[in-house]
Trainee: 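Take this structure, written in structure tokens, and hold onto it; I'll ask about it next.
The chains referred to below are lettered A, B, ... by the order of the sequence lines, with proteins before strands, and numbering in each begins at 1. Not measured: the values here are computed from a predicted model.
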Amino acid sequence: MKQFKLIVSLLLSIVLVIGCADPKILERVGIVTLIGYDAGEEDKVTVTSVVRQVNPDYQSTVNTHTETEATGEKTRLKVNLESSKKIVAGQMRVVLFGEDIAKEGLDEMLHALIMNSEISTSIYVAVVEDSAQTLIEGQYKNVTDIGQHIYGIIEHNIEQQNAVSSTLHEVVRDFYSPLRDPLIPIVKKNGENIEISGTALFHKGAMVGEFPIEDTLYLMMVRGKFRHGTLELELPSEGLSAKDDLETIPISIDSIKSYRQMKLVDPAVPEFDLKVIVQCRLLEIHSSISTADRTIVEKLEKGINKILESEISRIVNKSIELHSDHFGFGEKYRADTRNAKLTEEEWHEIYKNLKVNVKVQSTIVRDGVFE
Amino acid sequence: MKSMKKNLKKKLAGIKDKQPNQQNQENQEDLPIYPNKNDFIKSVKDKTHSPADLIIRYVSPTITIVYIDNLVDVQSLNELVLNGLKDKESITPSEIHSILPIPEINLSIKLNKSINEMLIGAALIHIVGQPEVVIAKISSYQSRGLAAPENESQVIGAQIAFNENINTNLSLIRRYITNPNLCNEKFTLGRHTQTTVSMLYIHGIAAETHVNTVRQRISDLNIADLIDSAVLAELIEDNSFSIFPQMLLTERPDRFSDGLLSGKVGIVVNGSSMAILCPYTFFEFFQSKEDQNLRWPIATFVRLLRFVAVFLSIFLTPIYVASLTFHYEVIPQPLLVPLSESRAKVPFPPIIEALFLELIIELLREAGLRLPTKVGQTIGIVGGIVLGTAAVQAGITSNILIIIIALCALASFTTPNYTMGNVIRVLRFPTIVLAGFWGYYGIMLAFCILLIHLLKQSSLGAPYTAPYYPPRFKDWPDSIIRLPLLLIKRKSVNTRGGNSEHPINEQNGGKKV
């Protein structure tokens with residue numbers, strides 16, 4: 001009986017002392033679906049948030065709030081003061097950073113985001129060309145919830161590998177890693193549309209440059225495994241065509257599967273061998289060229305190799321120029337060098353002189369198959 | 001904790017028993033049979049408080065027959081007893097014993113015993129000058145005919161159910177099992193009811209320990225009355241405080257016989273159409289006899305479906321309540337808008353909304369159960385459709401919750417055992433309350449308490465959660481899945497250890513019929 005009393009009193013005290021958790025009933029909170037950060041005057045941040053609320057007429061409304069304060073949390077307080085419902089951030093899917101604040105450095109914002117247990121680390125991070133506020137407050141045709149719309153744009157393009165993957169988790173991992181820099185896609189307001197327009201390069205937390213959207217494919221090839229992609233190339237015509245009136249031959253390849261091999265050849269320089277192995281399918285080619293001929297296919301492959309090598313070399317060299325090591329050369333260097341004991345500063349010193357020999361080995365697996 | 005419960009049980013039993021005991025002792029003084037005719041009749045009338053249906057017939061100046069009207073079979077009374085005793089003036093009880101063509105006939109010099117026999121349908125034949133009566137057992141028992149099972153109906157399989165007569169039930173079982181090793185031990189329980197209880201098992205298949213346990217538990221019972229087998233099951237099960245039944249109540253003779261053949265111990269109670277089978281594990285409650293009659297992939301699918309249904313039935317509404325109250329983060333984005341829009345008008349927090357709707361469903365179910373069959377169906381439809389739509393339009397509940405509640409109610413009906421189905425339907429309520437207080441932590445707490453409780457239970461001392469805990473891989477082919485019969489051990493889980501090679505007559509105790 002004594003034991004029984006003990007258990008009952010223990011249970012009761014658990015119920016009464018711990019009590020009820022803090023409820024956040026779905027229709028009684030304002031749900032933030034999107035947040036945009038911009039640089040405000042005097043070191044302040046301007047935060048634009050998209051808040052979805054439900055009213056008793058069974059309709060949900062989407063409002064945007066813009067506040068300028070020293071910290072993000074203080075802006076949330078301000079938004080709360082304006083709102084009829086408690087503002088919560090647990091359903092947030094996308095965080096946007098204006099170009100100006102990205103160039104100043106995202107250190108504080110990323111830190112605040114990752115510290116907030118309410119916010120999932122699988123949300124997407126993107127940089128906005130120009131200011132995030134104008135993008136969010138803009139009027140778009142057939143878009144009721146801008147938060148969901150931007151999330152949709154970013155999510156499906158990342159899944160289809162049209163843009164680099166930039167979940168908060170990945171960005172923060174690269175950001176806190178001393179030997180690696182993050183890479184974040186750029187979105188742009190284009191009239192009445194929103195589009196992904198390129199990829200931002202970072203050095204430590206600050207944006208240092210960007211690649212246009214056409215380079216994303218090469219970026220993805222160098223970053224790791226790549227599953228599907230389409231590419232239009234113009235090969236020089238010599239030796240390929242019987243007719244001499246064509247100067248260049250436009251070809252189209254797709255179903256590109258690639259993986260890369262990175263090898264440290266000389267730690268002193270340091271010098272890397274970067275080999276990209278590509279398998280692809282020939283989709284379009286000028287009718288005068290016979291792909292049944294093995295030698296012609298080999299020539300085509302050589303042509304493709306040459307173009308890809310020059311393009312990849314260009315983006316690698318641009319990254320080195322801008323001091324952004326988003327490909328992870330630093331990590332490879334540390335892994336392959338015994339007792340490297342590399343500090344962040346040392347690596348950035350070394351990185352300037354990095355030499356990368358790019359080699360592409362492409363194979364045309366089949367041709368002429370349409371889906 | 002356990003010992004405390006046992007003490008409490010003993011105390012309760014003690015309180016129940018005290019009063020009848022005293023009364024009984026007054027009646028215990030056993031009278032002899034008076035040789036004088038009038039003395040005998042007076043003693044019988046005194047004992048039985050001269051009821052209106054007590055019939056006394058004087059066959060001849062010396063022979064008197066006493067019986068209770070409607071308890072004896074009139075035809076055998078007239079043709080066998082009265083005809084046999086015609087023109088017999090001086091005859092001794094032992095002579096009657098030998099000449100009357102009745103299957104069961106006894107002699108007794110004790111008044112109490114004779115009256116007890118008379119009360120279950122015997123005719124007492126008294127001869128002047130003899131201190132002994134003849135007890136001619138010609139009882140007629142009113143019972144309904146055999147019908148199809150109503151609570152455990154199945155599509156493929158025998159369409160016959162037990163009725164309330166123990167003799168019919170025993171004969172049904174013996175039709176299924178023709179085996180001299182089928183043992184039948186008879187007990188009489190209840191001081192006021194004298195209910196006949198039969199314990200059945202197959203010697204050599206059932207585990208000796210289980211048989212002994214059941215025998216000991218039944219014979220230790222000191223109860224005033226016993227009307228139904230469900231009461232007996234509750235009195236002899238391992239933990240009467242648990243919400244889970246530890247013994248199966250079945251109305252199907254095929255299921256009962258199947259249990260006996262797989263090594264379980266069965267109990268049949270006179271006057272009850274449900275027979276008891278034990279030991280039973282938690283997972284066996286979700287098996288239906290029909291599973292064995294179906295092809296194995298289909299049976300496996302149906303069994304898995306039932307377990308999913310149980311899980312949904314207990315946890316789906318609590319998950320809804322917890323998600324909407326505390327964990328809006330986990331709601332998938334496409335569901336966010338429909339969920340919040342359907343909740344927009346509802347003035348209550350989700351826990352009140354859910355409890356309210358669950359209450360309506362339970363009311364409907366209970367009302368449908370109590371009302372006459374024809375009205376019951378109408379009430380179900382009216383209640384379901386009209387109340388549901390009206391509640392949504394009035395803005396008291398959300399559409400999505402109605403779907404969830406209906407799904408839960410439907411799921412709880414898939415449990416083949418009615419007793420277990422009731423448990424599943426009740427378990428939902430504390431889980432909803434915990435979910436409404438503590439969100440997913442509350443649901444996890446409910447799940448843990450449930451799991452710990454199940455792990456603690458036993459049925460006749462055998463683990464309740466077998467064959468999963470303790471893991472008995474050989475029994476897995478017939479658990480929540482059913483593999484082809486070739487892979488299934490005939491003996492069911494928890495009945496191991498019964499393979500004694502002793503012949504039947506070496507076993508002591510128990511009356512073999």
Trainee: Taking everything shown except Tyr441(B) itself, do over 12 heavy atoms lie less than 6.0 Å from its OH?
Mentor: no
Trainee: Please lay out, stage by stage, how Ile25(A) and Arg343(B) fare under the test side chain to side chain contact (heavy atoms under 4.5 Å, CB included).
Mentor: CA-CA 10 Å; Ile25(A) 299 173; Arg343(B) 281 267 312 153; 3.7 Å; yes
Trainee: Below 4.5 Å from any heavy atom of chain B, which atoms of Ile31(A) appear? Answer side chain, backbone, both or neither.
Mentor: side chain
Trainee: Do other residues, nucleotides or ligands put more than 12 heavy atoms under 6.0 Å from Lys225(A) NZ?
Mentor: no
Trainee: Do you know the tightest heavy-atom contact between Ile331(B) and Arg93(A)?
Mentor: O-NH2, 3.8 Å
Trainee: Check this for me: Tyr176(A), atom OH, are more than 12 non-hydrogen atoms of other residues, nucleotides or ligands nearer than 6.0 Å?
Mentor: yes
Trainee: Going by heavy atoms in the side chains, are Phe326(B) and Lys24(A) under 4.5 Å from each other?
Mentor: no
Trainee: More than 12 non-hydrogen atoms from neighbouring residues, nucleotides or ligands closer than 6.0 Å to NE2 on His327(B), yes or no?
Mentor: yes
Trainee: Val337(B) versus Arg52(A): any side-chain heavy-atom pair under 4.5 Å?
Mentor: yes
Trainee: Would you indicate whether the side-chain heavy atoms of Ser340(B) and Gln53(A) approach each other to under 4.5 Å?
Mentor: no
Trainee: How long is the gap from OH on Tyr328(B) to CD on Glu118(A), to the nearest 0.5 Å?
Mentor: 3.5 Å
Trainee: Evaluate whether atom NZ of Lys74(A) has more than 12 neighbouring non-hydrogen atoms of other residues, nucleotides or ligands under 6.0 angstrom away.
Mentor: no
Trainee: Of all heavy-atom pairs between Gln333(B) and Tyr151(A), which one has the smallest distance, and what is that distance?
Mentor: OE1-CD2, 3.2 Å
Trainee: Less than 4.5 Å to any heavy atom of chain A: does that hold for the side chain of Pro347(B), its backbone, both, or neither?
Mentor: backbone
Trainee: With side-chain contact (heavy atoms from CB on, under 4.5 Å) as the test, pick out the partner of Leu336(B) among Leu26(A), Val54(A), Asp145(A).
Mentor: Leu26(A)
Trainee: Is it the case that more than 12 heavy atoms not belonging to His156(A) sit under 6.0 Å from its NE2 atom?
Mentor: yes
Trainee: Quick one: CD1 on Ile449(B) to CG on Leu11(A), what's the gap to the nearest 0.5 Å?
Mentor: 7.0 Å
Trainee: Is it true that, when you exclude Glu108(A) itself, more than 12 heavy atoms of the residues, nucleotides or ligands shown sit nearer than 6.0 Å to its CD?
Mentor: no
Trainee: State, yes or no, whether a side-chain contact exists between Glu329(B) and Ile119(A) at a heavy-atom distance under 4.5 Å.
Mentor: no
